[in-house]
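Down below is the structure, laid out as structure tokens.
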There are 2 protein chains.
Amino acid sequence: MARERQLSRRTLLGGAAATAGAVTLTTTAAGTASAAGRDVDVAVVGAGLAGLTAARDLVAAGRTVAVLEARDRVGGRVVNLPLGNGGVTEGGGEFIGPTQDRIKALADSLGVATFPTYNTGKNLLYKDGKKTAYATDGLLGAVPPVDVAGLANAAIVQASLNDMAKQIPVDAPWTAAKAAEWDRQTFETWLRANAVVPSAKFLLDVACTSIFSAEPRELSLLFVVSYIATAGNASNPGTLERLTETANGAQELRFVGGSQLVPARLAATLGDRLVLSAPVRSIARSGGRYVVTADGTTVTADRVVVAVPPPLAARIAYEPLLPAGRDQLTQRLPMASVGKAIAVYDTPFWRADGLNGQVVSDTGVVSSTFDNSPPDASYGALMGFIEADEMRALDSASEAAVRAAVLKDYVTYFGEKAASPSSFVLQRWNNEAYTRGGPVSIAAPGVLTQYGPALREPVGGIHWAGTETSTYWMGFMDGAVRSGERVAREVLAAL
Amino acid sequence: MARERQLSRRTLLGGAAATAGAVTLTTTAAGTASAAGRDVDVAVVGAGLAGLTAARDLVAAGRTVAVLEARDRVGGRVVNLPLGNGGVTEGGGEFIGPTQDRIKALADSLGVATFPTYNTGKNLLYKDGKKTAYATDGLLGAVPPVDVAGLANAAIVQASLNDMAKQIPVDAPWTAAKAAEWDRQTFETWLRANAVVPSAKFLLDVACTSIFSAEPRELSLLFVVSYIATAGNASNPGTLERLTETANGAQELRFVGGSQLVPARLAATLGDRLVLSAPVRSIARSGGRYVVTADGTTVTADRVVVAVPPPLAARIAYEPLLPAGRDQLTQRLPMASVGKAIAVYDTPFWRADGLNGQVVSDTGVVSSTFDNSPPDASYGALMGFIEADEMRALDSASEAAVRAAVLKDYVTYFGEKAASPSSFVLQRWNNEAYTRGGPVSIAAPGVLTQYGPALREPVGGIHWAGTETSTYWMGFMDGAVRSGERVAREVLAAL
């Protein structure tokens, strides 16, 4: 595994580049280009989907742009990991689904194709030490084989959450009629009052950790309901099932070549406007313009787009100081806790057992899995999410220990064949310098009602992007793209 | 007022120095001393009470020390503000009380005397547009004239919270038997279930904003109960009333010459070991030692003490990366929101009306006040806290607008004479670069049970101090001193 990680570090874009053909991005070229410092219309901080999309639109409008990226790769929370067998899989953002129009349009424009997430056969429920296969349609994306009272209770809870989500103005959840009531309690408090049948509470808990990589106790009810509300577009209000489902849901499709192919190809269109390995340390106003200082380079610009997660935006030194509301907001939007573990096998052997590779479990370090095999099934890949409390418990564990714990779960779910993968790749977002958690910032009670408007409100010539700022598909690749498009419009209107 | 602020900026230690006689601290001397870089046993980040106390103990043990302070003054959240009439008052930490043994011992050792907070005469309750004076002993530090049902309910709630606090091990609240139950709900949720009489809820709400400068919705019940538990010492368990009361409580005494006299005199004993105006940007391990880089200076040390609030500690770049648990903790301990407004009058005129200057109010931007006049009452000073939602609403208001709003409240509480102070001083902690809120970090549900141990656990040679890390009087000057003493012991044992 040590070797696999080394590989992964050396050629992070290896898989993507191989598939894309033309895409090569190295720090060397960018470093040279940056040495002299730059003077541009707009500096963009962060080369994730948000920053890259903003840069694309600004360049298209004839503006000069410099994109400063802390990592030696683009994509932010979207990364391809080489599997050691020539294949590649997603270490971060992976799936797209219906109403995620903007990431789809972007991928289309870059010639990145999609294919359906493997979803043929039955799901597995592992609960109370018992394994049950079940069909994949109905409530919460499927009808898990729990007691009827639990199913009925879960259905009512789901309907309630969807009803509440309909009452949320997605561009300002803090103005909802019941915002104060929903923002003074945790999702856990609300679930305990509403998901009163234990099996219903179990299903909702699993939905919560799967969606947020956070425990219900960490989340404001208003934030949960708002997140559901954003899981749609202007003509299709968000629903809980669109978040949880595979078919017809947010896990419906994957990208051929891996999701990082999208930001990689997008970055290629920007040429040397992009500077890698340039973590931004300060943004200072100077003579009506801004000086953006990164390790090894400095950019002077009329406007700045900050397209990094809020807790990382907080770590940049701003001069003059940001307004208190903006600063305190960024003190209160921590990253959730997530990792992904992908085990590779010669074949997707579970398919022969009539299983789709998707598990819901009440135990183990991995309580939800997907079949991450490539479209041609030339090998098998099981991907498991390690989430919230389970991820935190393993933050400091050795990779060997995590591997052992994950494979133990995979054996429990899929049998002894799962014990011996040909390779194993682990992505721990909590341990990444330029994310420190994932997949998305979460909000505890009080945060949205107290600070919500500061999410997107520009500060002088500084504008905010990133999936957390999106009014649709916040927390997803689609939200990142939307935020980039929005911030570009905002900047162009102001320039 | 503009003039007053200018004064305040130019001679932040003016008042303290005048009283102290010997204390003079300027950036110039420190700047010169630092120019060459330093090599020491221990680098201390932050010259608040915690960092200075740690430095004192390390120096006393024969160690070489360098203290790097971001501001051009010492004291952190403890600052004296000149009043424009030759007097001085506290813009931050001000009061001490019983069981706060360590700040008292420190002040004694530096020859800083205490005097009783003015507490003669009646309190005022302003509620539902009605003003009522009441005696200052009994429940919650006094028996506010609300309905009997409300008083009875409040007494039961107070007893419950004190009982719960007794179940908290102060060095590890997350191990309390009911930690999980208390950490999955907001204090607001618990209050709504327990403070069912409206006037009782009002009293507890005021207690909450007064203690935490945060709304009950922002706080984990476990955090609230833990905070109460720490309001004592090893022989006197913490109680809610010790937090809220003046006599026999945390507001009992003040320092002659203003509280900043304590850190100022402590700093004077450190000589040129202290470097002001040196915000630390990075802490990097190098050859088994640490390189601490601040604006304008670099210190090399065997060990590092970081004695700044958690959300500011998060803004330092660490190499190697901090463990995920420590990083995510600092993403989840935001500063509360607080300001202090002090109006100065020729005399403390309210005393003649039989009032002690202490108000509890259900309205206004200032809902709790104190008589901040000097011990000889040579002039009058009314100090008002602006807290939580009220402070946030005024973060971006002009100082003139805040002054007008505060004086309107003071007139409501104390009559027309309050309308025309001879001077007015405002300290808005949310707008301070090197605090960005106050008085203390707060914890939402989940934070303590998920991340508590990371509060004090050293990371390699990096040790953590600051009032947030104290097992007694967390959030107070006493906690800061205790944390400095503890971290010095920790470092000395490790060196």
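All values derive from a computational prediction rather than experimental measurement.
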Chain A contact via [X] - side chain, backbone, both or neither, heavy atoms under 4.5 Å:
| X | result |
| --- | --- |
| B:D389 | side chain |
| B:Y451 | side chain |
| B:A336 | backbone |

Would you mind checking if [Y] and [X] are paired as a salt bridge, meaning a charged N to carboxylate O distance below 4.0 Å?
| X | Y | answer |
| --- | --- | --- |
| B:R192 | B:E188 | yes |
| B:R332 | A:E218 | yes |
| A:R71 | A:E432 | yes |

Heavy-atom distances under 4.5 Å only: say whether [X] touches chain B with side chain, backbone, both or neither.
| X | result |
| --- | --- |
| A:A317 | side chain |
| A:T330 | side chain |
| A:Q328 | side chain |
| A:L322 | both |

Hey, is the main chain of A:E181 close enough, under 3.5 Å, to the side chain of A:Q185 for a donor-acceptor pair?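 Here the side-chain-to-backbone pair exists.
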Over 12 non-hydrogen atoms of neighbours within 6.0 angstrom of CZ in B:R285: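 Atom CZ in B:R285 is not crowded, with 12 or fewer foreign heavy atoms closer than 6.0 Å.
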Is A:R281 atom CZ crowded by more than 12 heavy atoms from other residues, nucleotides or ligands, each under 6.0 Å away?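 More than 12 heavy atoms, drawn from other residues, nucleotides or ligands, come within 6.0 Å of this atom.
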Do you know which of A:D327, A:L219, A:N430 has the most heavy-atom pairs with chain B at a distance under 4.5 angstrom?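 The candidate making the most pairs under 4.5 Å is A:D327.
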Below 4.5 Å, heavy-atom pairs only: which of A:L333, A:L321, A:D395, A:V447 has the largest tally toward chain B?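 Option with the greatest count: A:L321.
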Verify side-chain contact (heavy atoms from CB on, under 4.5 Å) between A:R428 and A:L426, making sure each step is shown before the conclusion. CA-CA 6 Å; A:R428 296 198 267 190; A:L426 179 64; 3.7 Å; yes
Restricting to side-chain hydrogen bond (donor to acceptor under 3.5 Å, both in side chains), what partner residues turn up for B:T449, sequence neighbours left out?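 With sequence neighbours excluded, B:T449 shows a side-chain hydrogen bond (donor to acceptor under 3.5 Å, both in side chains) to B:D183, given in chain and number order.
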Residue by residue, scan residues 436-445 of chain A and write down, ordered by number, those that have a heavy-atom distance under 4.5 Å to chain B; if none do, write 'none'.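 Checking residues 436-445 of chain A against chain B gives A:R436, A:G437, A:I442, A:A444, A:P445.
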List the residues meeting ring pair (Phe, Tyr, Trp, His ring centres under 6.0 Å) with B:F223, not counting sequence neighbours, and say none if there are none.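 With sequence neighbours excluded, B:F223 shows a ring pair (Phe, Tyr, Trp, His ring centres under 6.0 Å) to B:F212, B:Y227, given in chain and number order.
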By ring pair (Phe, Tyr, Trp, His ring centres under 6.0 Å) - contacts of A:F187 (at least two apart):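 Not a single residue meets the ring pair (Phe, Tyr, Trp, His ring centres under 6.0 Å) criterion with A:F187.
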